[in-house]
Engineer: 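First the structure, which I've put down as structure tokens, then a few questions once you've had a look.
We count residues from 1, following the sequence as given.
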Amino acid sequence: MDTKKFFNVDDDLKKFLTAPKGFATKAIRAGQEPDQWNSLAVVPPISLSTTFKQHAPAQIQEGGFEYSRSGNPTRNVLEMCLASIENAKYGLTFSSGLGATTTIINLLKTGDHVIAGDDLYGGTNRLLRNFVVSMGIKVDFVDFCDLAAVEKAITSETKMFWVETPTNPLLKTCDIKAVSAVAHKFPGIVVVVDNTFLTPYLQRPLELGADIVAYSLTKYMNGHTDVVMGAATMNNDELYERLKYLQNATGIVPSPFDCYQVNRSLKTLDIRMEKHRRSSMIIAKYLEAHPMVERVLHPGLKSHPQYEIAVKQTGGHSGVFSFYIKGDGKAASLLLKTLKLFTLAESLGGYESLAEIPSVMTHASVPPAQRAQLGITDNLIRISVGLEDPEDLIQDLEQGFAAIKK
């Protein structure tokens, strides 16, 4: 196959929103002022102390710290930077993406009702289906691309929408502004959007009407596959105060060293996301034309059912997307075992390219009936296109497909 034709993606990318002005400057400068440290350090130091001296009993200087679970200088720097690049008023970090989810869910009480997306990260699905319901909270899984079905699912007890867009692993893209408008017709419904796949560089849900944006910072925001962390950003004062209290009360906080790592990684987020979105478009167009591929699920392709929504609300797509290989799970497994540059592993968003089969890996905890209904079959492959040269990645896929053909 002549692969050169797939590298001309400039016209495809031009259709999406332009990069947010000042993003790189905020990522590098927000919360990083050297004057806040006695040492005048240009790079924020790692504050490992668990406790801090008080001037008198229960007297802490303004802007000071008491105990590292409640607040830490290194964590504060990261949270300020996260809020800035999101154009948000507040940012909070947690020990993992699921830790952020758990904390946000704790805004609810027994008897409340959550409408969650039908296609979610397997860990989120498991948390909602097995743990949250045990708290006496009802959860319904609905396709947020179907606004009529969403509105029909709302009851007087509905207090939260849990939205992923694009979804994991089927890449369904819902209209955040329209979904938020439906929710806010009913008092008290909080719209949470998991923006892990796109980051604030490519999509900013708060500007589209969402109340809280959730992240697994483990993925693109850190981007180096060496930190597990989560975050939430918001503008609402009351939501911030409640979540800040829960962050301290539950103790689901990240370490200072991990905060230092993610704060470092944000400095190159715009550069990395540009490479991810460009390379993934190249790979997606290559796969879409391949005779051994049944279908490609990538919001940047015109064949995607919500392509127009993606164009309207995003700056393009990141490196993670899925495709159906012709054949069964055996063919998919053989391809992944043959690949050399795509590492067979879970997770996504790092500088290295990864590949996995969701039905037996990241989404194995989703009930088989639900997987079948959604289309998470054994021949569905999810890849995370890293920062390698796309020419080499295509060559790797080519030799993988050739091995299957033999």
Side-chain angles (χ1 to χ4, degrees), residues 26 30-33 36 44 46-52 54 58-109 112 114 124 127 132 135 137 159-162 188-196 200 204-207 210-218 221-222 227-260 262-263 266:
K26 291 176 182 177
Q32 317 294 305
E33 296 80 6
Q36 67 186 299
I46 306 171
S47 178
L48 295 175
S49 182
T50 59
T51 191
F52 301 86
Q54 301 183 22
Q59 289 187 19
I60 304 166
Q61 70 180 51
E62 185 178 353
F65 301 89
E66 176 185 10
Y67 187 66
S68 259
R69 186 188 68 247
S70 307
N72 174 277
T74 312
R75 191 169 86 220
N76 275 22
V77 164
L78 172 59
E79 291 176 343
M80 289 170 65
C81 192
L82 287 171
S84 181
I85 62 174
E86 189 81 58
N87 289 334
K89 195 172 181 180
Y90 304 109
L92 293 168
T93 53
F94 304 90
S95 58
S96 68
L98 278 173
T101 302
T102 300
T103 308
I104 294 168
I105 290 294
N106 271 291
L107 292 170
L108 306 175
K109 65 181 187 307
D112 286 346
V114 178
T124 305
L127 180 72
V132 172
M135 299 165 59
I137 296 171
K159 293 293 182 286
M160 185 174 287
F161 283 7
W162 193 277
I189 297 181
V190 175
V191 178
V192 184
V193 175
D194 185 330
N195 197 35
T196 296
R204 288 165 300 286
L206 293 179
E207 296 175 7
D211 299 298
I212 300 173
V213 182
Y215 288 103
S216 170
L217 299 180
T218 310
M221 300 284 257
N222 180 58
V227 170
V228 172
M229 197 188 300
T233 59
M234 69 236 65
N235 288 321
N236 183 277
D237 296 347
E238 182 186 356
L239 286 175
Y240 168 71
E241 292 299 336
R242 291 171 66 190
L243 286 171
K244 178 68 176 173
Y245 169 81
L246 288 168
Q247 181 195 48
N248 181 48
T250 61
I252 309 176
V253 295
S255 75
F257 180 76
D258 286 351
C259 290
Y260 168 87
V262 177
N263 185 58
L266 292 181

Engineer: Who passes ring-ring contact (aromatic ring centres under 6.0 Å, His included) against F161, sequence neighbours left out?
Structural biologist: F144

Engineer: Are M221 and I85 side-chain neighbours, meaning at least one heavy-atom pair lies under 4.5 Å?
Structural biologist: yes

Engineer: Do side-chain atoms of T74 reach the backbone of C259 as a donor and acceptor pair under 3.5 angstrom?
Structural biologist: no

Engineer: Hey, does the side chain of R242 reach the backbone of E238 with a donor-acceptor pair shorter than 3.5 angstrom?
Structural biologist: no

Engineer: Can you tell if the side chain of T93 reaches within under 4.5 Å of the side chain of D258, non-hydrogen atoms only?
Structural biologist: no

Engineer: Give a yes or no answer on whether the side chain of T218 reaches the backbone of M229 with a donor-acceptor pair at less than 3.5 Å.
Structural biologist: yes

Engineer: Carefully, step by step, assess I137 and M160 under the rule side chain to side chain contact (heavy atoms under 4.5 Å, CB included).
Structural biologist: CA-CA 11 Å; I137 296 171; M160 185 174 287; over 6 Å; no

Engineer: With sequence neighbours left out, what residues match E79 under salt bridge (Lys or Arg N to Asp or Glu O under 4.0 Å)?
Structural biologist: R75

Engineer: Step by step, would you call L266 with L82 a side chain to side chain contact (heavy atoms under 4.5 Å, CB included)?
Structural biologist: CA-CA 8 Å; L266 292 181; L82 287 171; 3.8 Å; yes

Engineer: Could you check whether any side-chain N or O of S84 sits under 3.5 Å from a backbone N or O of M80, counting only pairs where one atom can act as donor and the other as acceptor?
Structural biologist: no

Engineer: Does any N or O in the side chain of D211 come within less than 3.5 Å of the main-chain N or O of N236, such that one atom is a donor and the other an acceptor?
Structural biologist: no

Engineer: Counting N and O atoms only, with roles assigned by atom type, does the side chain of R69 sit under 3.5 Å from a partner on the main chain of N248, one being a donor and the other an acceptor?
Structural biologist: yes

Engineer: Passes side chain to side chain contact (heavy atoms under 4.5 Å, CB included), V114 versus L108? Steps please.
Structural biologist: CA-CA 9 Å; V114 178; L108 306 175; 3.3 Å; yes

Engineer: Determine whether a donor-acceptor pair (N or O, by modelled atom type, separation under 3.5 Å) exists between the side chain of T103 and the backbone of L243.
Structural biologist: no

Engineer: Is it the case that the side chain of Q247 and the backbone of Y245 share a donor-acceptor pair, with hydrogens and angles ignored and the cut-off at 3.5 Å?
Structural biologist: no

Engineer: The test is side chain to side chain contact (heavy atoms under 4.5 Å, CB included); show your working for L92 and Y90 and say whether it passes.
Structural biologist: CA-CA 7 Å; L92 293 168; Y90 304 109; 5.8 Å; no

